[in-house]
Amino acid sequence: MALKISNTLSGRKEDFVTIEPGIVTMYVCGVTVYASSHIGHAMSALTFDVIRRYFEYRGYTVRHVVNFTDIDDKIIKRANDEKVDWKSITERYIKEYLDWMDALNVKRATVYPRATEEVDGIIAAIQTLVERGNAYPATNGDVYFRALSQPNYGALKHQSPDELNAGARIDIDEAKENPLDFALWKAAKPGEPSWTSPWGEGRPGWHIECSVMAMRYLGPQIDVHGGGADLIFPHHENEIAQSENLTGERPFVRYWAHNGLLQAKLVDPDTGKASVEKMSKSLGNTLSVGKLLEMGDPDMLRMFVLGSHYRNPLTYTDESFDVAFKSLERIKSVFSPRENWGDPSSNTGKAEATAALEQATGAARTGFEAAMDDDFNTPAAIARLFDLVREINKGRDTGASGAALYAARETLAELGGVLGLRMKELPVSSGSQDVEPFVKLLVDLRKELKTAKQYQLADRVREGLKDLGVKLEDRPDGTTWKFEK
RNA sequence: GGCGACGUAGCCAAGUGGUAAGGCAGAGGUCUGCAAAACCUCCAUCCAGCGGUUCGAAUCCGCUCGUCGCCUCCA
């Protein structure tokens with residue numbers, strides 16, 4: 001069965017065929033490093049992490065490029081506010097971003113290029129465009145690209161230049177020939193960090209960096225280009241215009257993949273009215289990745305994100321993670337060392353139960369692949385994982401062989417791993433580790449009470465701990481406990 | 001204002017022409033000292049509303065209502 005992927009450019013699902021057999025070139029827009037990333041940024045990273053992992057599961061080698069925009073107005077402002085060098089700002093947030101992505105189990109990209117380390121290439125590209133007459137230095141020192149020099153301008157957004165112009169609300173920049181033109185090079189104001197160029201001191205515009213880096217690290221044409229849906233216009237539209245103008249090759253990108261945006265509740269401080277809007281630093285309805293990591297198992301966010309299709313918008317609520325945590329726990333409990341999963345090398349077991357489990361294991365893989373082949377349908381893929389969890393638990397209870405149980409659990413771990421879920425690491429609830437010895441003491445004490453059939457007292461211990469947020473479970477081979485709100 | 005996306009059970013969410021996956025919550029049952037977990041059963045005659053096409057539509061078309069996004073930095 002063929003892998004299908006939706007393409008923003010064509011507006012439909014297409015068969016996935018790479019330029020070079022066996023290799024996927026993928027460019028994903030990273031973040032502008034002027035502040036801490038929020039879980040909306042993480043959502044995008046997680047989305048493309050899963051897409052990448054599935055390509056690899058399907059046998060592709062993936063060349064994965066994620067850029068850092070490390071120079072722009074906000075970075076300069078931040079540096080001025082803190083009275084530090086702009087570079088110390090970007091270094092701080094790049095390191096933080098990478099640390100956080102590691103914690104979220106996002107695979108490292110092949111390359112993380114930075115705009116300021118690609119300035120020579122950017123200037124060369126702009127020069128080519130200017131020489132060709134498709135870009136022009138303006139009176140204010142900026143260099144602009146003539147958007148309409150590309151005949152297909154607007155194709156990604158599915159709007160004609162006329163429609164794009166008609167919709168424009170912004171004041172027309174005097175220096176531009178046409179309001180759709182966009183900056184390739186921005187002239188430096190006094191005191192701003194700058195690089196020397198044929199058009200004077202300045203810095204690269206935002207759009208050109210991605211074109212130049214994508215071409216440098218992946219070639220004139222690439223397979224997949226990803227990013228948040230908010231980047232479709234103008235950022236990605238402009239990338240297409242520049243890149244195709246530079247290389248003369250079309251299409252610049254075979255498959256444009258955009259993830260839906262994370263939304264969050266926002267309460268108006270004046271009216272007290274709540275609304276749901278895109279999670280955004282400027283709106284102030286964000287949850288930073290750092291905060292999330294303090295909340296417990298980082299896989300929670302992944303589970304939450306993967307629970308809806310990547311193209312659809314997703315709304316974050318306070319309860320989101322409770323549900324995600326519970327479902328995560330349901331899956332991961334299959335790897336609990338406290339359950340009796342039998343001897344992996346034992347083929348003895350009830351034939352019927354063993355056969356049913358083996359059948360279910362195969363069906364889970366088939367169903368998982370079919371779901372993922374269909375434009376990375378992770379909600380459907382996860383549903384197949386839940387089916388397998390049920391069959392594994394059933395197999396354990398009905399006497400399937402140790403070997404079949406082991407194989408089924410390994411399959412679950414492998415498929416979960418394709419989604420980036422750390423299946424064999426038990427879910428970590430939030431809660432203080434300091435209380436562990438005290439809880440252990442109480443659990444041991446309660447065991448003695450149970451042995452002595454002092455059930456009333458044993459139950460008092462359990463109830464008391466529950467009120468304190470510690471939940472006890474008596475399993476066949478002992479008592480487990482965990483934090484629970 | 002222009003363009004686009006979406007609207008499925010109490011909640012989250014798959015399903016793009018053949019008669020509604022999965023998770024959470026809820027109800028009943030098995031097991032257990034009890035509870036929890038696990039397992040079994042139940043839980044949308046119906047997919048925002050109204051028309052239309054079709055033997056047949058949640059799925060296609062039109063209109064209405066609602067939500068969100070982009071058009072400005074943005075994952």
Side-chain angles (χ1 to χ4, degrees), chain A residues 8 11 13 28-32 34 37-48 69 72-74 154 157-160 162-171 179-180 206 226-235 237 258-263 275-283 303-304 307-309 311-315 317 319-320 322-331 333-334 336 338-339 367 371 374 377-387 389-398 450 453 455-456 458-459 462-463 466 471-476 479-481 484:
Chain A
T8 308
K13 263 183 230 175
V28 180
C29 285
V31 290
T32 302
Y34 73 97
S37 294
H38 58 68
I39 58 176
H41 299 118
M43 175 185 174
S44 187
L46 286 167
T47 295
F48 292 100
T69 299
D72 91 318
D73 291 344
K74 286 176 181 169
K157 187 158 197 283
H158 301 289
Q159 273 187 268
S160 68
D162 282 349
E163 287 173 320
L164 289 168
N165 259 329
R169 293 180 312 198
I170 48 163
D171 295 334
L180 292 176
W206 177 38
D230 52 351
L231 299 183
I232 294 171
F233 191 89
H235 184 54
E237 190 75 57
H258 292 101
N259 64 277
L261 301 178
L262 186 66
Q263 303 177 150
S275 61
V276 171
E277 287 181 68
K278 169 171 86 161
M279 183 172 282
S280 150
K281 285 170 194 164
S282 49
L283 291 173
M303 200 68 188
F304 168 63
S308 93
H309 190 93
R311 278 174 304 152
N312 297 142
L314 182 58
T315 303
T317 63
E319 305 80 50
S320 313
D322 292 340
V323 175
F325 182 75
K326 277 180 184 160
S327 21
L328 201 57
E329 199 173 42
R330 176 168 164 75
I331 294 183
S333 70
V334 167
S336 168
R338 312 238 43 141
E339 297 288 349
D374 183 19
N377 190 336
T378 53
I382 288 175
R384 301 289 76 78
L385 258 37
F386 280 117
D387 290 342
V389 167
R390 191 176 55 248
E391 293 301 322
I392 289 171
N393 284 325
K394 201 198 287 189
R396 176 199 61 206
D397 293 346
T398 55
K450 280 174 68 183
K453 296 206 189 300
Y455 293 123
Q456 279 201 338
D459 289 351
R462 186 173 60 201
E463 292 304 312
K466 190 183 175 190
K471 185 177 170 190
L472 262 47
E473 285 180 22
D474 294 332
R475 301 225 174 203
T479 299
T480 62
W481 63 274
E484 194 174 83

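Lettering of chains follows the sequences in order, A, B, ..., and the numbering in each one begins at 1. What you see below is based on every heavy atom in this structure, not just the backbone, and it leaves out hydrogens, waters and symmetry mates. Keep in mind it's a predicted model, so treat the numbers as computed, not measured.
Counting to the nearest Å, the C1' atom of B:G4 and the CD atom of A:E237 are 13 Å from each other. Atoms CD (A:Q159) and P (B:G4) sit 7 Å apart, rounded to a whole Å. Rounded to an integer number of Å, the gap from CZ of A:R390 to P of B:C40 is 6 Å.
If you check B:C34, B:A75, B:C24 against the side chain of A:R330, the one that comes closest is B:C24. In this structure, the nucleotide among B:G33, B:C24, B:A35 sitting nearest to the side chain of A:Y455 is B:G33. Comparing B:A38, B:A14, B:C73 by their closest approach to the side chain of A:D72 singles out B:C73. Checked against B:A21, B:C73, B:A75, the side chain of A:K74 finds its nearest nucleotide in B:C73. Here the side chain of A:D387 is nearest to one of B:C39, B:G22, B:A75, namely B:G22. Considering only the side chain of A:A383, B:A21 comes nearest among B:C73, B:A21, B:A75.
At distances below 3.5 Å, at least one donor-acceptor pair connects side-chain atoms of A:S160 with backbone N or O atoms of A:E163. The closest donor-acceptor contact from the side chain of A:E237 to the backbone of A:P234 lies at 3.5 Å or more, if one exists at all. The main-chain N or O of A:H41 is never found under 3.5 Å from a side-chain atom of A:S44 such that the two would form a donor-acceptor pair. Between the side chain of A:H309 and the backbone N or O of A:G260 there is no donor-acceptor pair closer than 3.5 Å.
For the OP1/OP2 pair of B:A14 and a distance below 4.0 Å, the side-chain nitrogens and oxygens of A:N377 include no atom meeting the criterion. In this structure, A:R311 does not reach the B:A14 phosphate: none of its side-chain N or O atoms is under 4.0 Å from OP1 or OP2. Under 4.0 angstrom from either OP1 or OP2 of B:C71 there lies no side-chain N or O belonging to A:K157. Residue A:N312 places at least one side-chain N or O under 4.0 Å from the OP1 or OP2 atom of B:A14. Contact annotation: A:K326 side-chain N/O to B:A25 OP1/OP2 distance is under 4.0 Å. A:T32 has a side-chain polar atom (N or O) that falls below the 4.0 Å cut-off from OP1 or OP2 of B:A75. Put simply, A:R396 has no side-chain N or O that comes within less than 4.0 Å of OP1 or OP2 on B:C39.
Along RNA chain B, the nucleotide nearest to A:D474 and the one nearest to A:G307 differ in position, and the one closer to the 5' end is contacted by A:G307. Nearer the 5' end of RNA chain B, as judged by each residue's closest nucleotide, is the contact made by A:K13, out of A:D230 and A:K13.
Note on A:E277: only backbone sugar-phosphate atoms sit closer than 4.0 angstrom, heavy atoms only; bases stay farther off. Residue A:D397 is classed as a sugar-phosphate contact, given heavy-atom separations below 4.0 Å to backbone atoms only. When heavy atoms are screened at a 4.0 angstrom cut-off, A:E319 is found touching no nucleic acid atom at all. Looking at heavy-atom distances under 4.0 Å, A:L472 makes contact with a base. Across all strands, A:H309 comes closer than 4.0 Å only to sugar-phosphate atoms, never to a base (heavy-atom distances).
The base of B:C39 is not paired with the side chain of A:K394 by any donor and acceptor separated by under 3.5 Å.
Residue-nucleotide stacking is not present for A:F386 and B:G22, judged by a side-chain ring centre under 5.5 Å from the six-membered base ring centre and planes under 30° apart.
Remark: A:H235 pairs with A:W206, A:H207 by the ring pair (Phe, Tyr, Trp, His ring centres under 6.0 Å) rule, at least two apart or across chains.
Nucleotide B:C24 is matched to B:G10 when pairs are restricted to Watson-Crick or G-U wobble geometry with both distances under 3.5 angstrom.
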